[in-house]
Amino acid sequence: MLDWTQLNTTCSNCQSCVLGQTRTNIVIGRGNINAPILFVGEGPGEQEDLHGQPFVGAAGQLLDTLLEALMLKQDDYYIANVVKCRPPNNRVPTDDEAEKCLPYLRNQVALIRPKIIVCLGSTAAKYVISKDIKITQIRGKWIERKGYWMMPTFHPAALLRDQSKKVLLFRDIKEVKQKLHNIMDEKDN
Ligand code: URA
């Protein structure tokens, strides 16, 4: 397992897949590296590629608004993606790209050791939870695996296209907050 410095250096030099050739910046993650919640998205978009930070574009602003509305503290979470380089034109990462990049995400999980992993959208759910799942079928349902509680939900960008998903995403993140409180209460007792 790499420590954070080694991980940053390795990712910054990574050319394991074609995305390395077109990235402006590697996008490793943002937030508290000791956070109890890890949000996982798909991959950097244009703004993320330009700034080297995940979820700083339109979808990120929506996510921030949602987390603020639910009064989740910035200390409570870390945000990363399945792939750390922007796929051209924001296309979905290929299996090869995702598989090459996943060891970095697994390394991040091992370093952070979050209590809860929230999969934002189908790409995150596919590579973090299971290859043959449909987000519409499993969203909002807790899955416990290897000591992690996982919550698959919609990607905030999906809300930009379909407002009806907002209520469900809001409900799922509220569940996440409640679960965090329950876990913390158990720890204190
Ligand atoms: N969408 C993602 O999945 N990740 C980002 O970092 C930004 C948009």
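Each ligand, and each atom within it, is numbered from 1 in the order the structure gives.
- Protein heavy atom nearest atom 4 (N) of ligand 1, with residue, atom name and distance: N81 OD1, 2.8 Å.
- Under a 4.0 Å N-O distance rule, the pair K131/D95 qualifies as a salt bridge.
- Checked against a 3.5 angstrom limit, the closest N/O atoms of F55 and ligand 1 fall inside it.
- Side chain to side chain, N8 and T10 fail the donor-acceptor criterion of an N or O pair below 3.5 Å.
- Of the protein's non-hydrogen atoms, H155 NE2, 3.2 Å is the one closest to atom 1 (N) of ligand 1.
- Within 6.0 Å of atom CG in N89, 12 or fewer heavy atoms from other residues, nucleotides or ligands are found, so the atom counts as exposed in its surroundings.
- Contact analysis leaves Q47 out of contact with ligand 1, as no non-hydrogen atom separation drops below 4.0 angstrom.
- Nearest to atom 5 (C) of ligand 1 by heavy-atom distance, out of P93, G43, A58, is G43.
- Heavy atoms from both the backbone and the side chain of E42 come within less than 4.0 Å of ligand 1.
- A cation-pi arrangement, defined by a distance under 6.0 Å to the six-membered ring centre and an angle within 45 degrees of its axis, is present between K179 and W149.
- The heavy-atom pair separating M1 from L111 by the smallest distance is CE-CD2, 3.8 Å.
- Close contacts of ligand 1 with G41, meaning ligand atoms under 4.0 Å from a residue heavy atom, involve 3 (O).
- In the vicinity of P54, heavy-atom distances shorter than 4.0 Å reach the ligand 1 atoms 6 (O).
- Remark: K177 NZ is packed, more than 12 non-hydrogen atoms of other residues, nucleotides or ligands lying under 6.0 Å away.
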